Colleague: 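Have a look at the structure that comes next, please.
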Amino acid sequence: KQEVTQIPAALSVPEGENLVLNCSFTDSAIYNLQWFRQDPGKGLTSLLLIQSSQREQTSGRLNASLDKSSGRSTLYIAASQPGDSATYLCAVRSDQTGANNLFFGTGTRLTVIP
Amino acid sequence: NAGVTQTPKFRILKIGQSMTLQCAQDMNHNYMYWYRQDPGMGLKLIYYSVGAGITDKGEVPNGYNVSRSTTEDFPLRLELAAPSQTSVYFCASSLNGGGAGELFFGEGSRLTVL
């Protein structure tokens, strides 16, 4: 079964710092990897989607990379702001058991200190 | 643009009661999903649908039922509610499966079973 792990579980940084969030997965047979943001009590907002044939995707201050062979993805956030404080979740879309399911990590809770 | 709409946002049930969580999307997406999110755990897939009239089980289907009579709607039915079904439920949709299948989520429905 696909297992997705995110380390660290929580991260606190001062405003303006660049930071990296990590995501690892056990089975490299994936269709894509997606990064989400979740604010307290809210739904998930899609940030970036990387298809299995791609190496990275960028959106504004966010850059996500994918290394399928090593089962790793990173989300790089440049010049962090207090508004970036949220939980960041990664999910891999896998075709195990024909379910075409997304397997989620438990997230990294980010706090950006003004 | 409404996206994915879930109702109700909050609900308290007594053990043994039944209810339906509603989900509607206005993006003409083929795929729809129901996930549950428990504290400290990743999201788990309950049921999914790849089109009207087609549904299939995910990882944790016991105690739930779904139907998909239209492209837009994908209700989740809880029969004989149990305390173990206390959770936050998220509905999601994607245009298609596979590598380009970016997921969009609703705001969630918080259910408490007492």
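Quick caveat: nothing in here was measured; it's all calculated off a predicted structure. Because only heavy atoms are used, hydrogens play no part in the values below, and waters and symmetry mates are left out as well, while side chains stay in. Each chain gets a letter, A, B and so on, in the order its sequence line appears, and its residues count up from 1.
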Colleague: Report, in residue-number order, which members of residues 67-75 of chain A are under 4.5 Å from chain B by heavy-atom distance.
Modeller: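 When heavy atoms of chain B are the reference, residues 67-75 of chain A contributes no residue within the under-4.5 Å range.
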Colleague: Given heavy-atom pairs under 4.5 angstrom as the criterion, report whether the side chain, backbone, both or neither of B:Q6 touches chain A.
Modeller: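 For B:Q6, there is no contact with chain A at all, as no heavy atom is under 4.5 Å.
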Colleague: Do the non-hydrogen side-chain atoms of A:F103 and B:K44 ever get within less than 4.5 Å of each other?
Modeller: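 No - every pair of side-chain heavy atoms lies 4.5 Å or more apart.
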Colleague: Between B:V4 and B:L76, is there a shared hydrophobic cluster once you connect ILVMFWY residues whose side-chain heavy atoms come closer than 4.5 Å?
Modeller: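 Not linked; separate clusters.
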Colleague: Determine whether A:L102 and B:Y35 make a side-chain contact, defined as any pair of heavy atoms from C-beta on separated by less than 4.5 Å.
Modeller: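 A:L102 vs B:Y35: side chains touch.
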Colleague: Do you know the tightest heavy-atom contact between A:R93 and B:G101?
Modeller: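 Reported closest heavy-atom pair: NH1-O, 3.0 Å.
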Colleague: Should B:F90 and B:L45 be counted in the same cluster of Ile, Leu, Val, Met, Phe, Trp and Tyr side chains packed under 4.5 Å apart?
Modeller: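 In one cluster: yes.
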Colleague: Is there any residue in residues 104-114 of chain B with a non-hydrogen atom under 4.5 Å from a non-hydrogen atom of chain A, and which ones are they?
Modeller: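 Hits under 4.5 Å: B:F105, B:G106, B:E107, B:R110.
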Colleague: Give, as side chain, backbone, both or neither, the part of A:Q54 having an atom under 4.5 angstrom from any heavy atom of chain B.
Modeller: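 Neither part; nothing is under 4.5 Å.
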Colleague: Considering only heavy atoms, which portion of B:K9 lies under 4.5 Å from any heavy atom of chain A: side chain, backbone, both, or neither?
Modeller: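 For B:K9, there is no contact with chain A at all, as no heavy atom is under 4.5 Å.
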Colleague: Can you check whether anything in residues 104-114 of chain A gets within less than 4.5 Å of chain B, heavy-atom wise, and list it by number?
Modeller: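 Against chain B, the residues of residues 104-114 of chain A that fall inside the cut-off (heavy atoms, under 4.5 Å) are A:F104, A:G105, A:T106.
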Colleague: Residues in ring-ring contact (aromatic ring centres under 6.0 Å, His included) with B:Y64, at least two apart?
Modeller: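 For B:Y64, the residues satisfying ring-ring contact (aromatic ring centres under 6.0 Å, His included) (neighbours in sequence not counted) are B:Y89.
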Colleague: Distance-only, no hydrogens or angles: does the A:Q34 side chain make a donor-acceptor pair with backbone N or O of B:E102 under 3.5 Å?
Modeller: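 Checking the backbone N and O of B:E102 against the side chain of A:Q34, no donor-acceptor pair under 3.5 Å is found.
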Colleague: Any chain of hydrophobic side-chain contacts (each under 4.5 Å) joining B:M32 to B:L21?
Modeller: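 Linked within one cluster.
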Colleague: Select one option (side chain, backbone, both, neither) describing which atoms of B:D38 are under 4.5 Å from chain A's heavy atoms.
Modeller: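 Looking at B:D38, nothing touches chain A.
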Colleague: Hydrophobic cluster membership, with links at side-chain heavy-atom distances under 4.5 Å among I/L/V/M/F/W/Y: are A:F25 and A:W35 in one?
Modeller: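 Yes, one cluster joins them.
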Colleague: Check whether A:I50 and A:I77 end up in the same hydrophobic cluster, where Ile, Leu, Val, Met, Phe, Trp and Tyr are linked by side-chain heavy atoms less than 4.5 Å apart.
Modeller: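 Hydrophobic grouping puts A:I50 with A:I77.
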Colleague: Tell me, out of B:V50, B:L43, B:V88, who's got the most heavy-atom pairs with chain A below 4.5 Å.
Modeller: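 So the answer, after comparing B:V50, B:L43, B:V88, is B:L43.
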